[in-house]
Amino acid sequence: MISASSVKSGSLAERSSRMRERIVATIRKIPKGRVSTYGAIARAAGYPSAARQVVGALRRSVGLPWQRVLGAGGEIKLRGDSAIEQRLRLEAEGVTFRGRKVNLARHEFHFSPGNKRGKGRASKG
DNA sequence: TAATTGACGGGCA
DNA sequence: GTGCCCGCCAATT
């Protein structure tokens, strides 16, 4: 519980970091042995098209199960040694791969529904 | 203030 | 399977 006295009525920092906090909180929900994708995390956090902000949250935050976050289709999007480490970590948790991708059908984590804000997609096509 | 960056996503050729 | 383009949006330069 926050009191009005402890918060400067929605200070700048509070407003601007809200998105990242939601994303971070969402990432932290992913249990061991399960994985999710940038897009799915963004949607679960309430931002249907903020996949890039998921990237930012992972890069700028520490202590997150980053290895459980994959690109669309379960593909590892990291480069170099980081990609190797991610795969190793996931395999250590029991996650299986199908070629260069994680077997999402077996390991994708489904966030609790109802937290979405509206889904919509950009006028793409 | 503007431009660039970033572990993205999806459609198309 | 691969390369290209556009959309998305906070953080950084």
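Everything numeric here is computed off the predicted structure, so don't read it as measured data. In what follows, every chain begins at residue 1, and chains take the letters A, B, ... in the order their sequences are listed.
- Taking atom NZ of A:K101 as the reference point, atom P of B:dG9 lies 11 Å away to the nearest angstrom.
- Between the A:Q86 side chain and the A:V69 main chain, a donor and an acceptor come within less than 3.5 Å of each other.
- Rounding to whole angstrom units, CZ of residue A:R52 and C1' of B:dG10 are separated by 13 Å.
- Checked against side chain to side chain donor-acceptor pair (under 3.5 Å), A:R106 has no partners two or more places apart in sequence or in another chain.
- The side chain of A:K77 sits closest to B:dG9 out of C:dC9, B:dG6, B:dG9.
- Against DNA chain B, the stretch residues 64-74 of chain A makes heavy-atom approaches under 4.0 Å through A:W66, A:G71, A:A72.
- Whole-Å rounding puts the A:I76 CD1 to B:dG9 P distance at 13 Å.
- Panel note: side chain A:R20, backbone A:A57; no donor-acceptor pair is recorded below 3.5 Å.
- In this structure, CG of A:L78 is placed 12 Å from C1' of B:dC8, rounded to the nearest angstrom.
- Between A:R60 atom CZ and B:dC8 atom P there is a gap of 13 Å when expressed in whole angstrom units.
- Atom CZ of A:R43 and atom C1' of B:dG10 are 11 Å apart (whole Å).
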Worksheet item: Please walk me through it: do A:V54 and A:I27 pass side chain to side chain contact (heavy atoms under 4.5 Å, CB included)?
Response: CA-CA 9 Å; A:V54 176; A:I27 293 170; 4.3 Å; yes
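- Applying the salt bridge (charged side-chain N to carboxylate O under 4.0 Å, His left out) test to A:R28 and every residue at least two apart in sequence or in another chain returns nothing.
- In this view, A:R87 and A:I76, A:E91, A:F97 satisfy the side chain to side chain contact (heavy atoms under 4.5 Å, CB included) rule, not counting sequence neighbours.
- Interatomic distance, A:F109 CZ to A:K29 NZ, rounded to the nearest 0.5 Å: 8.0 Å.
- Within residues 79-100 of chain A, the residues that have a heavy atom under 4.0 Å from DNA chain B are, in order of number, A:R79.
- Listed nucleotides: B:dG9, C:dC8, C:dA11. Nearest to the side chain of A:R20: C:dA11.
- No engagement by A:G56 is indicated, since no non-hydrogen atom pair under 4.0 Å with the nucleic acid exists.
- Not counting sequence neighbours, A:E108 has no partner by the side chain to side chain donor-acceptor pair (under 3.5 Å) test.
- Panel note: side chain A:H107, backbone A:T96; a donor-acceptor pair is recorded below 3.5 Å.
- C:dC9 atom C1' lies 17 Å from atom OH of A:Y38, rounded to whole Å.
- Note: CD (A:E75) to C1' (C:dG1) measures 11 Å, nearest angstrom.
- Comparing atom distances between the A:M19 side chain and each of B:dG9, C:dC8, C:dC9 picks out C:dC9 as nearest.
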